[in-house]
Amino acid sequence: MVAVLGVTRSSQAALLEQIDLLGTNLLTVADGRELGGAEAPLPVDATRMLRRVDGALGVAPTTQLTGHNVYRNDHVPVGRTGGLAVRACDATLDGKVRQGRFLDAATAGHPVTVLGYEAARTLGITRVDPATRVWIGGHWYTVSGILDPLALAPEIDRSALVGFPVAERLLGYDGHPSRLYVRTAQDQVDLVAGLLARTTNPAAPERVEVSRPSDALTARVASPRRPRRSSSVWAPLPCWSAASASATSW
């Protein structure tokens with residue numbers, strides 16, 4: 001995310017302008033539980049169902065492939081993950097490519113990956129060429145691209161992204177998404193947010209967490225200046241769930 005403690009008013013204005021440019025109409029959908037620190041799976045048909053919601057302009061599914069990590073090469077010790085994740089996605093994921101190209105139908109079925117900005121930096125990869133490879137799940141993956149930073153999706157920043165077909169073939173992907181990104185019509189954010197939990201998991205909507213990342217950033221920018229402490233304390237991410245009577249912080 002963007003560090004905002006103790007920024008000046010001019011810096012606050014600049015950050016708020018950046019948040020507006022990033023888009024305040026992005027919602028994220030995830031299971032409220034975590035399994036050992038990893039995202040829990042959502043229902044298999046969640047993506048299809050959310051795409052039917054009026055006011056939802058686009059839905060991009062992703063799945064954290066737990067049990068797999070990305071390494072610079074096959075000599076790096078297994079436990080030295082750098083805090084990076086491996087995620088499956090498709091071409092609907094909204095991100096700007098800094099170098100190279102994003103995943104498409106031609107590459108999604110092959111061991112090809114696109115690195116989030118922080119993942120590339122952590123791995124020491126600064127450029128993309130045919131010889132650039134990383135080690136994922138016991139296989140070499142060609143790096144086809146590097147993304148620009150995504151302030152509203154830091155989990156993507158720290159991930160190696162692969163296509164769903166190759167994830168199913170080599171990495172145990174079972175069809176369940178774990179995090180969905182939903183773009184809405186700007187004037188229907190509240191309405192759509194209130195529908196997502198029950199649409200995602202009709203049998204257990206209380207387990208679904210819907211949030212708007214831009215609200216968290218805006219709240220942090222607007223917070224009054226506080227003395228720095230040895231550990232950062234962040235405001236909780238505003239969210240809506242079916243267990244709540246109404247949306248909060250929209």
Side-chain angles (χ1 to χ4, degrees), residues 1 18-31 39 41-65 85 87-98 101-109 113-117 144-157 159 161-165 167-168 173 175-202 205 208-218 237-242 247 249-250:
M1 288 283 186
Q18 181 187 17
I19 290 168
D20 286 339
L21 290 173
L22 290 169
T24 56
N25 62 335
L26 176 68
L27 301 172
T28 64
V29 180
D31 192 303
E39 296 170 5
L42 294 165
V44 171
D45 61 351
T47 303
R48 177 177 60 84
M49 296 301 291
L50 290 186
R51 284 173 175 163
R52 295 180 177 180
V53 173
D54 289 340
L57 304 180
V59 179
T62 67
T63 298
Q64 183 180 356
L65 299 168
R87 295 176 183 272
C89 69
D90 60 22
T92 61
L93 187 65
D94 188 10
K96 183 179 179 182
V97 178
R98 171 167 290 218
R101 56 184 291 190
F102 197 65
L103 300 169
D104 54 27
T107 58
T113 184
V114 172
L115 300 177
Y117 180 80
S144 69
I146 299 173
L147 297 179
D148 269 343
L150 290 168
L152 298 184
E155 63 278 355
I156 299 297
D157 271 356
S159 293
L161 306 174
V162 302
F164 284 119
E168 181 177 8
Y173 169 63
H176 289 267
S178 64
R179 185 176 293 269
L180 298 155
Y181 300 90
V182 181
R183 282 285 182 188
T184 75
Q186 192 67 55
D187 61 347
Q188 293 184 302
V189 174
D190 292 356
L191 177 62
V192 173
L195 298 173
L196 294 184
R198 291 192 180 278
T199 305
T200 298
N201 191 349
V208 178
E209 184 178 273
V210 179
S211 61
R212 183 162 66 171
S214 62
D215 281 352
L217 286 178
T218 303
L237 187 66
C239 64
W240 186 99
S241 70
S249 300
W250 291 108

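Below, all heavy atoms of this structure are taken into account, side chains as well, without hydrogens, waters or symmetry copies. Because the structure is a prediction, the values reported are computed rather than measured.
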What heavy-atom pair brings Leu150 and Asp157 nearest, and what distance separates the two atoms?
-> N-OD1, 2.8 Å
Closest heavy-atom contact between Pro43 and Pro177?
-> O-CD, 3.4 Å
Looking at CE of Met49 and CZ of Arg198, how far apart are the two atoms once the value is rounded to the nearest 0.5 Å?
-> 13.5 Å
Which atoms form the tightest heavy-atom contact between Ser211 and Thr28, and what is the distance?
-> OG-OG1, 2.7 Å
Taking only residues two or more places apart in sequence, or in another chain, which ones meet Thr200 in a side-chain hydrogen bond (donor to acceptor under 3.5 Å, both in side chains)?
-> none
Side chain to side chain contact (heavy atoms under 4.5 Å, CB included) with Ala167: which residues, sequence neighbours excluded?
-> Leu65, Ala88, Val162, Tyr173
Residues 42-59 vs salt bridge (charged side-chain N to carboxylate O under 4.0 Å, His left out), sequence neighbours excluded, gives Asp45-Arg48
Nearest heavy-atom neighbours spanning Ser178 and Gln64 = OG-N, 2.9 Å
Closest non-hydrogen atoms of Arg212 and Leu27, given as atom of the first, atom of the second and distance, are CB-CD2, 3.8 Å
Taking atom types as modelled, is there a side-chain donor on Thr63 or Glu39 under 3.5 Å from an acceptor on the other?
-> no
Do you know which two heavy atoms are closest between Pro61 and Thr47, and how far apart they sit?
-> CB-OG1, 3.3 Å
For Asp104, enumerate each residue passing the side-chain hydrogen bond (donor to acceptor under 3.5 Å, both in side chains) test, keeping only those at least two apart in sequence or located in another chain.
-> Arg101, Thr107
Just do the side-chain contact (heavy atoms from CB on, under 4.5 Å) check on Val208 and Leu196 with the steps written out, would you?
-> CA-CA 8 Å; Val208 178; Leu196 294 184; over 6 Å; no
side-chain hydrogen bond (donor to acceptor under 3.5 Å, both in side chains) against Asn201, all qualifying residues, sequence neighbours excluded | none
Interatomic spacing from CG in Leu57 to CZ in Arg183 - rounded to 0.5 Å | 9.5 Å
With Ser144, which residues qualify under side-chain hydrogen bond (donor to acceptor under 3.5 Å, both in side chains), at least two apart?
-> none
Please tell me if the side chains of Asp31 and Pro41 come closer than 4.5 Å, counting only heavy atoms from C-beta onward.
-> no
Output all residues satisfying side chain to side chain contact (heavy atoms under 4.5 Å, CB included) with Val97, sequence neighbours left out; order by chain, then residue number.
-> Phe102, Leu147
Counting only N and O atoms by type, is there a donor-acceptor contact under 3.5 Å from the side chain of Thr199 to the main-chain atoms of Leu50?
-> no
Sequence-distant partners of Ser159, side chain to side chain contact (heavy atoms under 4.5 Å, CB included), two or more places apart = Ala85, Arg87, Leu161
Sorted by chain and residue number, the side chain to side chain contact (heavy atoms under 4.5 Å, CB included) partners of Ala60 (sequence neighbours excluded) come out as Thr92, Leu93, Tyr181
